[in-house]
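Written below as structure tokens is the structure these notes are about.
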Amino acid sequence: MLDRNVVKEFLEAALRERRIKIPNGISKMSLTETFCQFTEDDYYEWIKDNFKTFFDHGTPDWNWIRERISHYSKI
């Protein structure tokens with residue numbers, strides 16, 4: 001789901017900015033992949049929570065949803 005190259009570049013910049021060095025024995029590739037999986041797991045939970053809220057826990061308010069569609073269609 002996440003672009004591994006983009007995340008790798010982000011991690012390199014963020015670590016450099018904070019002067020954090022990756023210890024020996026941890027490759028940039030494995031760090032990037034693990035960080036991506038960690039983030040994707042959290043992202044999936046966030047999407048599930050938002051789904052529940054958006055669809056009002058199984059009783060969707062279609063008028064409210066229409067309003068949201070209208071609002072975001074104008075952007």
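Only heavy atoms go into these numbers, but all of them, side chains included; no hydrogens, no water, no symmetry mates.
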dist S73:OG -> R66:CZ (nearest 0.5 Å) comes out at 13.0 Å

Tightest non-hydrogen contact, residues C36 and L2, listed as O-CD1, 3.9 Å

- Message: Between F51 and W46 (judged by ring centroids, cut-off 6.0 Å), do the two rings come close enough to count as a pair?
- Response: no

Do Y43 and F38 have side chains that approach each other closer than 4.5 Å (heavy atoms only, starting at C-beta)?
no

Exercise for the section: Applying side-chain contact (heavy atoms from CB on, under 4.5 Å), run through D56 and W64 and close with a yes or a no. Expected result: CA-CA 10 Å; D56 200 16; W64 179 84; over 6 Å; no

Rounding to 0.5 Å, atoms CZ (F55) and CD1 (I65) come to a distance of 5.0 Å

Rounded to the nearest 0.5 angstrom, the CD-CG distance for E9 and D3 is 8.0 Å

Can you give each donor-acceptor pair under 3.5 Å made by side-chain atoms of residues 25-35, sequence neighbours left out, with the distance rounded to 0.1 Å?
residue : atom : partner : partner atom : Å
S27     : OG   : S30     : N            : 2.9
S27     : OG   : S30     : OG           : 2.9
K28     : NZ   : E12     : OE2          : 3.4
S30     : OG   : S27     : N            : 3.4
S30     : OG   : S27     : O            : 3.1
T32     : OG1  : K28     : O            : 2.7
E33     : OE1  : R4      : NE           : 2.9
E33     : OE2  : R4      : NH2          : 3.0
E33     : OE2  : Q37     : NE2          : 2.7
T34     : OG1  : S30     : O            : 2.8

query: Got more than 12 heavy atoms from elsewhere within 6.0 Å of OH, Y44?
result: no

- prompt: Does some side-chain heavy atom of D42 sit less than 4.5 Å from a side-chain heavy atom of T39?
  reply: no

